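The structure displayed is predicted, hence computed values, not measured ones. Here is how names work: the chains are called A, B, and so on, in the same order as the sequence lines, proteins then strands, and each is numbered from 1. Both backbone and side-chain heavy atoms feed into the values below; hydrogens, waters and symmetry mates do not.
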Amino acid sequence: MPADSKQALVAGLALSHGEQLQRFLVSRVRNVCDVPDIIQEIFLRMLRVPDHAAIRCPEAYLFTVARHVAQQHTLSQSASPRSIELQEMLTELAAAPNDPALEITAQQTVEELERALDTLSSKARATFLYHRRDGLTLEEIGSRLGVSRAQAKKYLAKALLQFRKHLEAKE
Amino acid sequence: MKLASSHKLNTQIYSEASDWLVEFRSGDVDVAGRTAFYAWLRTSPEHMRAYLEVAAIWNEGSRLDPNRRFDDQDLIQQVRSEDNVVSLEGYDSPRSPHSPLSSSSAARQSGWRVRLLAAAASILVTVCGVWAYSERNTYATGIGEQRSLALVDGSIIELNAASKIRVRFTADRRNIDLIEGQALFHVAKDKTRPFIVNSDQTQVRAVGTEFDVYRRMNGTTVTVIEGRVAVLPSSTFAPVTQNSPPVTEGGSNLERAKGQVFPGRNSIEFPSPPRKDRTTALRSSGNVEELLRDVKNRRNAGQAQESEDGAAKGEALTGDGSMTHTGEFLLAAGEQAILTTEATVKPKQPDIAAATAWTQRRLVFQSARLAEVAEEFNRYNTRRLVIKDPQLADFHITGVFASTDPGSLIRFLQARPGIMIIENTHEILITQRSE
């Protein structure tokens, strides 16, 4: 995994998964070499589930696993987790919901995404902003733009892909 | 295509990831879709990575353009003017196999997705969060299998290998029966509905916290990672506090099935003289009153029944006033309690990381008996470790092992003088070397 995509991944994971994971990953940005291990571990755990049909929501499951792996990683990093240290660590985690470092990373990403808005096709841009910024339903967007629901979904996916491309080019 | 093949592949993965994300976010994924998604996700770490990244962008999308640089008029006008010129569909990627506007080459790419998405589009399904109310509210894992469960209240249960739980949610309680094995609970906060784990006769009650419960043959170990839990050692003495709701409506199925009253785990000891040593311990501490009470207990127990456990002792303890049986005690983060029929022990410096190492498929032993080590490995491997010589059971092991690979343990044992390993297809026998 090249270093730049590692960075992108850290930023990506940090944005997507819960406060604890965010904090953890942000604190790891200085030590990016851990991230491929984390990804690998998440992947292995996804592989290990033999009865995948029983997973009600594989998407939620993925995020859950990701969170757990990060948590376990944090735990295993503390060399001798005596009760006091662990308690301190947890208190510390709970007490810092607005990590400035995290805010900076997230803010930079948002700024990049703002720039990427200009590179979207007009339909993709309209659909994405209506849905994510304004909270319109797919049906509402469809009637506003004169497209079907399925097409609206397609524009959403296109917007995502284009955002991703833009971030990748910037890394 | 002029694009390098790796880049092309990359784009395709991200394109599929985006499609999947939108499918999930629009609630259009059915059973077949979930299976297909899972298969897709497990194709490679790249797929998973792409999905996580795209999900992050999606989440962040709600923060975009807060100042409405693009207002409603702009957005619609841009779309109309574009429609009047040329369709720019697909300018940004060779993608969207299910798109009605997609090229024939895209349609060729993956027929299964076209079928899948056509099917998915026709049915609206709310996918997530129906675990606990399903008919199958008992969840089990086999040897070597681990599993995470998301409950409707937002709590997460990680179930270790060879384990089984039953979920029984009611309006005012969230009941979990740990029928066997071990589970790690990440409890969602809900003060009005306590989260209660029943393991054997032990009840662990939490409001919002994270803790691990391990039910073994001879007792239950409770380890608190975050927050605080209340442990009620024996549910046969449930009516001791007003705050603790009765456990009868099914939580005690197991007890009834076993048809016996359990001996009380009525004391917390630091560290843990086993029950039979208790008299001595008390004598040296000089607490005459307690000593007498203890002796009386034993006599009562002895009159009714000679055996160490069973109904008689339970009765004796019940009749012994509230002091020793109110029982309920609190465990805070970083604390652990080991409850057996003899006693309740709170180790002074519990190894919390070791207690949850199983979630990383690691086994951590600190001066553990070989018998215990073998029992642990046998939860993860179908080829069983068998100790042939009872003398070896007390051999002590310290170390960290991969739970699914007894190989390193075997090599370690083989290097010990006096130990011999005999392997066959379904067993690994540990015996004493005959010199």
Problem - Under 3.5 Å: donor-acceptor pair, side chain of Arg132(A), backbone of Trp58(B) - result: yes
Exercise for the section: Using a 4.5 Å cut-off on heavy atoms from C-beta on, say whether the side chain of Phe163(A) contacts that of Leu64(B). Expected result: yes
Practice task
Decide yes or no for Asp134(A) and Arg68(B): does some side-chain heavy atom of the first lie under 4.5 Å from some side-chain heavy atom of the second?
Solution key: yes
Handout entry: Student check: side-chain heavy atoms of Pro66(B) and Glu114(A) closer than 4.5 Å
Key = yes
Exercise for the section: Hey, could you give me the CD/OG distance between Gln162(A) and Ser18(B), rounded to the nearest 0.5 Å? Expected result: 10.5 Å
Problem - His131(A) and Val22(B), any side-chain heavy atoms less than 4.5 Å apart - result: no
Exercise for the section: Output the option from Ala50(B), Ala17(B), Gly61(B) having the highest count of non-hydrogen pairs under 4.5 Å with chain A. Expected result: Gly61(B)
Completion exercise
Interface check, chain A: of Ser62(B), Ser44(B), Pro45(B), Gly142(B), most non-hydrogen pairs under 4.5 Å belong to Pro45(B)
Practice task
Decide yes or no for Leu120(A) and Gln78(B): does some side-chain heavy atom of the first lie under 4.5 Å from some side-chain heavy atom of the second?
Solution key: no
Handout entry: Interface residue of largest heavy-atom contact number with chain A, from Asp74(B), Ile76(B), Asp72(B), under 4.5 Å
Key = Asp72(B)
Handout entry: Atom group of Leu138(A) that falls short of 4.5 Å from chain B, counting heavy atoms
Key = side chain
Practice task
Indicate yes or no: at least one non-hydrogen side-chain atom of Arg69(B) is less than 4.5 angstrom from one of Leu117(A).
Solution key: yes
Exercise for the section: Supply the atom-to-atom distance Leu167(A) CG to Ile57(B) CD1, rounded to the nearest 0.5 angstrom. Expected result: 5.0 Å
Handout entry: Per-residue contact mode, Thr43(B) against chain A (heavy atom under 4.5 angstrom)
Key = backbone
Completion exercise
On a heavy-atom basis, the closest approach of Arg144(A) and Arg80(B) is O-NH2, 4.4 Å
Fill in the blank from the handout: CD (Glu16(B)) and CG (Leu161(A)) are apart, to the nearest 0.5 Å, by 11.0 Å
Practice task
Nearest 0.5 Å please: distance from the CG atom of Asn10(B) over to the NZ atom of Lys165(A).
Solution key: 10.5 Å
Exercise for the section: Carefully, step by step, assess Arg149(A) and Asp28(B) under the rule salt bridge (charged side-chain N to carboxylate O under 4.0 Å, His left out). Expected result: CA-CA 11 Å; Arg149(A) 184 174 186 279; Asp28(B) 289 351; 2.7 Å; yes
Handout entry: Side chain / backbone / both / neither for Phe128(A) at chain B, heavy atoms under 4.5 Å
Key = side chain
